[in-house]
Amino acid sequence: MNTIKKNTKPTLLSGIQPSGNLALGNYIGAMRNWVSLQKDYNGIFIVVDMHAITVKQEPAQLRKRCLSFAAQYLAAGIDPQENIIFMQSHVPQHAELAWVLNCYTYLGELNRMTQFKDKSKRHNDNINAGLYTYPALMAADILLYQTDLVPVGADQKQHLELTRDLAMRFNNAFSPTFKVPEPFIPKEGARIMSLQEPEKKMSKSDSNENNYIALLDPPDVLVRKIKRAVTDSGREITPDSMKNPGTGNLLTLFAVLSELTPKQTIQRFEGKQYSELKDELADALIAFLEPFQKRYDKILSEKDYLTNILEEGAEKAQYIARKTLSKVYRKIGFVAPGRS
Ligand code: TYM
C-alpha cells in the first residue's frame with residue numbers, strides 16, 4: 001500500500017558539497033525548501049563528496065565533514081524514513097553516467113559556466129579538469145533518478161539549465177531516456193549575501209569566517225558575527241533599506257527566519273536603528289539554531305544510526321541509478337555484460 005502511494009509522487013533531488021561549514025545561505029537557499037517540499041515528493045538528498053574534491057581538501061577533515069553534513073540534513077528536518085539520504089561516492093553510477101554525459105557536453109558550454117570562472121580565479125593554483133567538467137557530474141546526479149524538481153539557490157541555475165539541455169540532447173539523439181528536471185529557486189533568499197562583503201554571496205568555504213553564519217555556530221559567535229555585519233552608512237531603517245546590499249541582506253535573513261514578507265519586515269523595522277535589527281536578528285537566529293544544534297548533537301551521539309541511514313540510502317539509490325545507467329549503456333551501443 002505504502003509503495004503504491006510512494007510511486008505516484010514526483011521525485012525531488014538536491015545535494016550540497018561538503019566543503020567548509022554548512023552555512024545559513026545553504027539552508028535558506030536550498031535545505032529549507034527540501035524540508036518544506038518533502039511531504040509531496042520522493043526526496044533524494046545527497047552529500048556530494050565527489051564534487052568537493054574539485055578543490056583541495058584535507059582528507060581527515062573531509063571525512064568528518066561528510067558525516068557532519070548528513071547529520072545536519074537530518075537535524076534540519078529531512079525524514080530518513082521517507083527520503084533517500086546518501087554519500088555520492090557510495091553510488092558508483094554517478095561517476096559512470098558523468099563520463100557518458102561528458103562525451104555529450106560541448107567545451108563551449110563548459111566555458112560559459114560562471115561558477116567555473118569564479119572558482120578558477122579563487123583557486124588559480126589548482127584549475128583541474130574535474131572543476132571544469134563538474135557540471136556533467138551534477139547533471140548525472142540529477143538525471144540518474146528521473147528527477148522532477150531540484151531545489152537550489154540562484155547560483156545553481158546555470159548548471160540546471162545545462163542539465164536540462166543534456167537530458168534533451170540525449171533524448172533526441174536516442175529515445176526518451178531522462179526526465180527533464182525543473183529547478184526550484186525560492187522567491188526570497190535565493191542569494192544570501194556575505195556579512196562583511198555584501199556584494200558577494202555568502203559562501204560556506206569563505207576563508208573569512210565572519211562572512212558567513214555556520215549552522216553550527218554557538219550563540220556568542222552568532223551574536224558577534226551579526227554585530228559586525230556591514231550595513232550602509234545610515235542609522236535608521238527606511239523602505240529603501242531593502243535595496244542596500246548589507247542592510248537588505250540582514251532584513252531578508254530576518255524575513256525568512258520569521259516567515260514574514262519583505263514588506264511586513266520593513267513595516268516592522270521602519271524608523272528603528274540598525275542595532276535593533278541586528279539584536280532581533282541575532283535572537284531569531286539563536287531561537288532557530290539552538291534546537292537545530294541539539295538535534296544534531298543527538299544524531300551524532302548515536303553513531304550507528306547515521307551509518308545505517310547512509311548505508312540504506314546508498315542501497316536504495318543504487319537500485320534506481322542502475323536502471324537508468326543500464327538503459328543509457330544499451331542506447332549508446334555498449335554490449336551488456338554476459339552477452340556476445
Ligand atoms: P553548493 O554546495 O555550493 O551549495 C549548496 C546549496 O546551497 C545553495 N547556496 C545558496 N543559496 C542562497 N544563498 C547563498 N549564498 C547560497 N550559497 C549556496 C546552492 O545554490 C545549493 O543549492 N553544485 C552544487 C551541489 C550539487 C547539486 C547536485 C545540487 C551537486 N549535485 C544535484 C542539486 C542537484 C553546489 O555546488 O552547491
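All ligand and atom numbering here is 1-based and tracks the order in the structure. Throughout, numbering of the chain's residues begins at 1 and tracks the sequence.
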Is there a donor-acceptor contact under 3.5 Å from the side chain of [X] to the main chain of [Y]?
{"X": "Asn210", "Y": "Leu195", "result": "no"}
{"X": "Lys225", "Y": "Glu209", "result": "yes"}
{"X": "Ser194", "Y": "Lys200", "result": "no"}
{"X": "Thr133", "Y": "Ala129", "result": "yes"}
{"X": "Lys157", "Y": "Pro183", "result": "no"}
{"X": "Lys9", "Y": "Lys39", "result": "yes"}

To which protein heavy atom is [atom] closest, and what is the distance rounded to 0.1 Å?
{"atom": "atom 29 (C) of ligand 1", "answer": "Gly15 O, 3.4 Å"}
{"atom": "atom 9 (N) of ligand 1", "answer": "Asn26 ND2, 3.7 Å"}
{"atom": "atom 10 (C) of ligand 1", "answer": "Gly25 O, 3.4 Å"}
{"atom": "atom 17 (N) of ligand 1", "answer": "Met202 O, 3.6 Å"}
{"atom": "atom 37 (O) of ligand 1", "answer": "Gln156 NE2, 3.7 Å"}

**Prompt:** Could an N or O of ligand 1 be found under 3.5 Å from any N or O of Tyr134, whether backbone or side chain?
**Reply:** yes

Quick one: does [X] get a heavy atom under 4.0 Å from ligand 1?
{"X": "Ser194", "answer": "no"}
{"X": "Lys204", "answer": "yes"}
{"X": "Ile142", "answer": "yes"}

**Prompt:** What do we get for Ala23 next to ligand 1 when only non-hydrogen atoms under 4.0 Å count, side chain, backbone, both or neither?
**Reply:** neither

**Message:** One residue to check: Arg191. Relative to ligand 1, which of side chain, backbone, both or neither has a non-hydrogen atom less than 4.0 Å away?
**Reply:** backbone

**Request:** Would you please classify the geometry between the Tyr73 ring and the Trp34 ring as parallel, tilted or perpendicular, with 30° and 60° separating the classes?
**Result:** perpendicular

**Prompt:** Parallel, tilted or perpendicular: which fits the ring planes of Phe174 and Tyr104, with parallel below 30° and perpendicular above 60°?
**Reply:** perpendicular

**Request:** Would you indicate which of Ile46, Asp141, Leu22, Asp155 comes nearest to atom 30 (C) of ligand 1 when only heavy atoms are counted?
**Result:** Asp141

**Asked** Between the candidates Asn249, Ile44, Ile192, Ile185, which shows the shortest non-hydrogen contact distance to atom 13 (N) of ligand 1?
**Response** Ile192

**Numbered atoms of ligand 1 (with element) below 4.0 Å of Gly189, judged on heavy atoms** = 12 (C)

**Asked** Pick from Asn211, Asn249, Asp155, Asp118: which one makes a side-chain hydrogen bond (donor to acceptor under 3.5 Å, both in side chains) with Lys201?
**Response** Asp155

